[in-house]
Amino acid sequence: MLIEGYLPEEARDCLSRAEGITEIRLRAGRPVALCRFCSSSLVGPAITPEALRSILSALMEHSLYAYENEMRQGFFTLPDGSRVGVCGECVVQDGVMRAMGEIGSLCVRVAREIRGSGQAAADLLKRYPGDNLLLLSGPGMGKTTMLRDAARILSDGGSNVAVADERGEIAAARSGRPTLDVGCRTDVLDGCPKKTAIPLLVRAMSPEFIVTDELGGDGDAEAVREAARCGVRILASAHAASFEEARERRVTGELLRDGTFRLALLLGQMGSVAGAIMPKEQEGCA
Amino acid sequence: MKFVLALIVIFAAGYAGRSVAAVGKKRSDALFLLADGIHMLRIRMLEERLPLRRALARSDAPALRLVGEELGPDGAGAAWRRVYIRESGRTRPLSMLRGEEVRALDRLFQDLGESARAGQDALLSAAQTEILRLAEEAAAASSGKSRLYASLGALAGLAAAVLTA
């Protein structure tokens, strides 16, 4: 884990022994918090604001200028696919966040590759050819892990897969090449907004599947609909703790109602499937 | 025969004088290369958005390339200090650098990569301007010295020829 090398010694030792860590939270003036699915523990001495700034700088490879856009969104992605959320004093101009001044805390969401976690999604897509699949869950439930593994299974199974990886979390590409295993027939478009990436992938790469995460932005619904009209199948994820919540949300609601997504899986704790929508039923069943 | 020997002594001494002056020319060339390197570094960092290590390591200027290769978790300032200690001895790649240039590079590397685009733009512009000024001063000094040392060498050769005749 890339973050490990930058932590205080005590936290580093604890982390190397611990299993199932999903998040590492660093707060100025507080000990390091190691979080699992259902619990968390505080380890080591309090981190000074200077040490927190140094850790952030080292995680950004001493290239803060290269992460300016990501910092405006409040997070960036490490080469191992882990996502680092940043909190602190915002510099706001004309109502728009321009930069992050003093850093107060970091939240590292650990990227995991769990082989087999995407099997259920890949099986559903095989069982219902022609349909698209939406993965739903609250934060930290394993949507991205499942997407990544499903992309790998589909790709290694013989399909051309394209990943629209706006946040760099699915494939963790570096210099245009994925650092996580997304399969041998997978093309990755990294760092590009989904509404631009999806049409570009359809035109440029002729994929059979497009995999993307966290639908919800302006233009996402139209890009997904247009790709589906072109015969490309979509495997996507979105934030929603229930099917009802997904239907109430603008983008996912629109795509579920118009039939773009007739398949949906609701994930529970540790990536388990808590419910599904199948083409015939169109109703949630736990 | 004596005349030929006297001519050889005069030309040899003049050539020796020019060689001494060439050290100054090499220094000014190295500084112009460094200024160009900073200009390219600015493009690689701020327009191509390359991470600092890759942006530095692709440079033609030894001072920048070596820091890129040395860059570790402690940042560019610490990497520069290690590189300068290791590579500034006689015959080493950074032996051409003098006090003012070293101080300009100290200032550059101390904050390199540690702020957003606007801050880095200002830092790189200031360093480039400073190194370019030092390079122009070194070039002017070396041009004057080149003529002076060549003439002095030739005169010394002439004197030696007269004395030995």
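Hydrogens, waters and symmetry mates play no part in the numbers below; they use all other heavy atoms, side chains included. Chain A is the first sequence line, chain B the second, and so forth, proteins listed ahead of strands; every chain is numbered from 1.
Side chain to side chain, Glu169(A) and Thr144(A) fail the donor-acceptor criterion of an N or O pair below 3.5 Å.
Between Glu4(A) and Arg12(A), none of the side-chain N atoms (NZ, or NE/NH1/NH2) sits under 4.0 Å from a carboxylate O, so this pair counts as no salt bridge. A salt bridge links Arg167(A) and Glu214(A); the closest N-O separation between the charged side-chain nitrogens and carboxylate oxygens is under 4.0 Å.
You'll find the side chain of Met205(A) stays beyond 4.5 Å of the side chain of Asn160(A), heavy atoms only. Inter-residue side-chain proximity for Asp220(A) and Asp218(A) is flagged as unmet; no heavy-atom pair is nearer than 4.5 Å.
Of the atoms belonging to Glu114(B), heavy atoms from both backbone and side chain fall under 4.5 Å from chain A. Contact of Asp74(B) with chain A is made through the backbone alone, with heavy-atom distances under 4.5 Å. Tyr67(A) touches chain B through its backbone: at least one of N, CA, C or O sits under 4.5 Å from a heavy atom, while the side chain does not.
Between Thr77(A) atom OG1 and Arg109(A) atom CZ the span is 10.0 Å, to the nearest 0.5 Å.
Figure legend: cation-pi geometry between Arg83(A) and Phe75(A), with NZ or CZ positioned under 6.0 Å from the six-membered ring centre and within 45° of its axis.
Within residues 93-112 of chain B, the residues having any heavy atom closer than 4.5 Å to a heavy atom of chain A are Leu112(B), listed by residue number.
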